[in-house]
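Worksheet: one structure, shown below.
We're numbering straight along the sequence, starting at 1. Values below: all heavy atoms of this structure, side chains included; hydrogens, waters and symmetry mates excluded.
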Amino acid sequence: CSFVLCLAFSLFVYVHGLEQESILRSFYDTLNGPSWIGFPSWQSNSTSACTWTGIMCTGGRVTSISVESADLAGTFPPGLGALSSLRSLTLRSPKLIGTIPSDLFDNINLTRLDLGSSSISSPLPIEMTKVPLTYLDLSATRMSIPLPDWIGNITTLTFIDF
């Protein structure tokens, strides 16, 4: 590639990486990250979130977050919908409480959502119908509301547990 094209691409990757890291650091802080056991890489100064425990990437972009054993505590964090390549999200913790942020479903690539064992306190956001979910696990959740009728309208679902 030409020098200018390679430089522009490198700058894009660098800036996007910083944005991903910022979103994930906010996620970490919101969910009591400093008390997580077995996730020291989240506290490192590494500029690549792709090296952090529980994060998978393709082409330098976060595609999966799985921090189910991190002892998450707090409310569902907003902002994860901005991770445009995120396809799989696993946040299993009885200390995860509150409302699932509707902005999570701004990400049209999300296909797998596992919130088992959490405490969902408000109706599931109808925005869930905007994404091609194939896997939805709400097992062992302490939902204070019933599943909405529209959940059956997500025709891409091949697995659901609640």
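- Note that CG of Leu138 and OG of Ser117 are 10.5 Å apart. Values are rounded to the nearest 0.5 Å.
- Judged by distance alone, with hydrogens and angles left aside, the side-chain atoms of Ser44 form a donor-acceptor pair with the main-chain N or O of Ser41 at under 3.5 Å.
- At a threshold of 4.5 Å between non-hydrogen side-chain atoms, the residues Arg87 and Thr58 count as touching.
- A donor-acceptor pair under 3.5 Å is formed between the side chain of Thr156 and the backbone N or O of Leu133.
- Distance check, rounded to the nearest 0.5 Å: CG of Leu86 to CD1 of Ile55 gives 8.5 Å.
- Shortest non-hydrogen contact noted between Pro132 and Ile108 is CD-O, 3.1 Å.
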* I would like to know whether Asn107 and Val131 meet side-chain contact (heavy atoms from CB on, under 4.5 Å); could you show each step before the answer? => CA-CA 7 Å; Asn107 176 352; Val131 298; 5.6 Å; no
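- The shortest distance between side-chain heavy atoms of Tyr28 and Gln43 falls below 4.5 Å.
- Using a distance-only test at 3.5 Å, with no hydrogens or angles considered, no donor-acceptor pair links the side chain of Ser26 to the main chain of Ser22.
- Here the side chain of Thr158 pairs a donor or acceptor atom with the backbone of Thr134 at under 3.5 angstrom.
- Considering all non-hydrogen atoms of both residues, Ser93 and Asp71 come closest at OG-C, 4.4 Å.
- Under a 3.5 Å cut-off, the side chain of Asp103 and the backbone N or O of Gly79 do form a donor-acceptor pair.
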* Step by step, would you call Ile154 with Ile160 a side-chain contact (heavy atoms from CB on, under 4.5 Å)? -> CA-CA 11 Å; Ile154 303 176; Ile160 184 170; over 6 Å; no
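- Although no hydrogens or angles enter the test, the distance criterion places no donor-acceptor pair under 3.5 Å between the side chain of Asp106 and the main chain of Ala82.
- If you take OG1 on Thr75 and CG on Leu96, they are separated by 8.0 Å, rounding to the nearest 0.5 Å.
- Of all the heavy atoms in Trp42 and Val67, the pair that sits closest is CZ2-CG1, 3.9 Å.
- Contact of the Ser69 side chain with the Trp36 side chain is not registered, since no non-hydrogen atoms from C-beta on lie closer than 4.5 Å.
- Linking ILVMFWY side-chain heavy atoms closer than 4.5 Å, directly or via other members, places Phe159 and Met128 in two distinct hydrophobic clusters.
- Phe27 has its side chain out of reach of Leu83: every pair of non-hydrogen atoms, C-beta onward, lies at least 4.5 Å apart.
- Heavy atoms only, all atoms of each residue included: Glu21 and Ser48 are closest at OE1-N, 4.1 Å.
- The line from CZ of Arg25 to CG of Asp29 is 8.5 Å long, rounded to the nearest 0.5 Å.
- Rounded to the nearest 0.5 angstrom, Ile120 CD1 and Phe76 CZ are separated by 5.0 Å.
- A pairwise comparison of heavy atoms in Pro94 and Ser119 identifies O-OG, 3.7 Å as the closest pair.
- Listed for the Thr53 side chain is no donor-acceptor partner under 3.5 Å among the backbone atoms of Phe39.
- Using modelled atom types, one side-chain atom of Gln20 and one backbone atom of Val62 make a donor-acceptor pair closer than 3.5 Å.
- There is no path of hydrophobic side-chain contacts, each under 4.5 Å, that joins Ile100 to Ile97.
- Side chains of Leu24 and Ile65 form a contact here, defined as non-hydrogen atoms less than 4.5 Å apart.
- Taking the side chain as every heavy atom from C-beta outward, Ser139 and Arg92 approach each other to under 4.5 Å.
- More than 12 heavy atoms of other residues, nucleotides or ligands sit less than 6.0 Å from atom OH of Tyr135.
- Taking every heavy atom of both residues into account, Phe105 and Pro125 meet most closely at CE1-CG, 3.5 Å.
- One hydrophobic cluster holds both Trp150 and Leu136 under the rule that ILVMFWY side chains link at heavy-atom gaps under 4.5 Å.
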* Report the C-alpha separation of Leu104 and Leu113 in whole Å, then their side-chain angles, then the decisive distance to 0.1 Å, and conclude whether the side-chain contact (heavy atoms from CB on, under 4.5 Å) test is met. => CA-CA 10 Å; Leu104 176 60; Leu113 182 60; 4.1 Å; yes
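- You'll find the side chain of Leu110 stays beyond 4.5 Å of the side chain of Leu80, heavy atoms only.
- A chain of hydrophobic side-chain contacts below 4.5 Å, direct or via other Ile, Leu, Val, Met, Phe, Trp or Tyr residues, connects Ile126 to Leu157.
- Counting only heavy atoms from C-beta outward, the side chains of Lys95 and Asn32 never approach each other to under 4.5 Å.
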